[in-house]
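Quick note on labels: first sequence line is chain A, next is B, and so on, each numbered from 1.
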Amino acid sequence: MGVLTIVGGSKGGSGKSSALCHLAVMRAIAGKRVIIYDLDKQRSAYRFVQARSGAGTEPSLRAISAFLDVKPGEDPVPLGRALIKDLKATAADFDDVLIDVGGEDNPGLRFAMLVADQMVIPLAPSQFDIWALSDLATIYNTIASSRTDDFKPIVFPCLVSPQTSEREAYEAIKDAYKVFEWAPGGVMLSARSAFRRTIGTGQGVFDQPKPDTKARQELLGVYKLVFKEDWIRG
Amino acid sequence: MAKAPTMSLVPPGDDHDDDRLRRALGQSPPPTPAPATPPAPVPVQSVATSTQPSAAPVPPKVTVSVRMAPETQASLAAIGKALGWSSNRIMTALVEHQACVLKAIFEKEGAAGALKLLID
């Protein structure tokens with residue numbers, strides 16, 4: 001049974017889809033069977049895989065787009081039931097299912113949080129993102145009461161400026177949101193052009209013959225945070 | 001390249017699972033066994049192929065009128081505001097719940113049991 005990992009829960013533009021795509025590429029290069037399960041209406045991660053497929057980049061990635069489009073007045077529960085069934089069926093076929101969820105509160109996010117094995121939240125350093133984290137804390141408390149395990153999302157800084165002040169700001173935020181786990185110091189993704197440069201062609205940093213050194217180092221840290229092991233080319 | 005859509009018709013889940021899903025949405029679980037929910041296809045799209053969502057038929061309902069004290073109705077409105085529910089929606093949940101309880105007691109204990117429930 002594969003691992004269901006949510007990457008997201010943060011505000012749009014926090015770099016979650018980008019982080020997820022780079023992690024998926026790394027996981028595939030490591031020889032793992034990985035699939036992206038895109039629940040985000042924007043389908044950014046899904047489009048990334050489309051672009052990768054179109055370019056014929058190996059190793060290939062797979063993706064499912066399944067945004068839960070709940071109409072006004074429609075009961076989302078049957079859709080949730082079907083989603084959970086499919087997530088579990090997908091996990092049976094892959095080593096890792098990376099789930100991209102939308103930036104705002106939505107049924108897909110909540111249902112995925114019910115069954116995910118783990119969740120990582122990329123947090124960008126803006127007040128808007130911190131407010132969104134506050135909303136997510138409320139959602140998490142609701143979800144946690146329906147789970148019997150110790151499911152606890154892990155926050156890691158994303159889109160961080162290399163300036164020290166922003167890094168220090170996270171220390172202050174940590175104390176306010178102890179409901180979440182926080183990545184160890186130094187585990188973060190900075191605002192680097194290397195993360196954005198290749199996305200349009202469906203490639204990740206690790207597809208490059210000579211990956212940007214700092215981007216590579218940061219991704220290795222986040223990879224270990226998510227997959228609990230060091231990255232090794234498969 | 002792409003994984004074929006695996007989503008298929010899903011049979012109704014049990015009430016426990018549905019209650020869990022409703023709690024996840026921040027909703028109060030309906031207190032009664034819900035009518036059998038029609039199979040729900042979820043719109044899934046793989047990189048290579050796509051399926052279109054289809055609408056799930058809604059079980060038919062009948063409308064009944066309920067008389068109640070104005071202060072009770074006012075309380076319902078206040079509770080509904082807190083829940084984001086209309087008074088009618090709350091009454092639907094309450095009535096269906098209690099009707100099912102009454103039906104179960106009537107089938108088990110007969111008229112005497114049903115009457116006791118109504119009077120108590």
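Residue B:Lys108 places its NZ atom among 12 or fewer non-hydrogen atoms of other residues, nucleotides or ligands, all under 6.0 Å distant. Counting non-hydrogen atoms of other residues, nucleotides and ligands closer than 6.0 Å to NZ of B:Lys116 gives a total of 12 or fewer. For A:Phe151, the CZ atom is densely surrounded, since the number of other residues' heavy atoms within 6.0 Å is greater than 12. Counting non-hydrogen atoms of other residues, nucleotides and ligands closer than 6.0 Å to CD of A:Gln208 gives a total above 12.
In this structure, CG in A:Asp75 is found 9.5 Å from CG in B:Leu21, a value given to the nearest 0.5 Å. Taken from OG in A:Ser146 to CG in B:Asp17, the straight-line distance is 11.0 Å, to the nearest 0.5 Å. With values rounded to the nearest 0.5 angstrom, A:Arg110 atom CZ is found 9.5 Å from B:Gln27 atom CD. B:Leu25 CG to A:Leu114 CG: the interatomic distance, rounded to the nearest 0.5 Å, is 8.5 Å. Atom CD1 of A:Ile143 is separated from atom CZ of B:Arg20 by 9.0 Å, given to the nearest 0.5 angstrom.
Only the side chain of A:Ile84 comes within less than 4.5 Å of a heavy atom in chain B; its backbone stays farther off.
At least one side-chain heavy atom of B:Asp18 sits less than 4.5 Å from a side-chain heavy atom of A:Arg81.
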Exercise. Is there a side chain to side chain contact (heavy atoms under 4.5 Å, CB included) between B:Arg22 and A:Val77 once you walk through the steps?
Worked result: CA-CA 7 Å; B:Arg22 290 195 192 287; A:Val77 166; 3.3 Å; yes

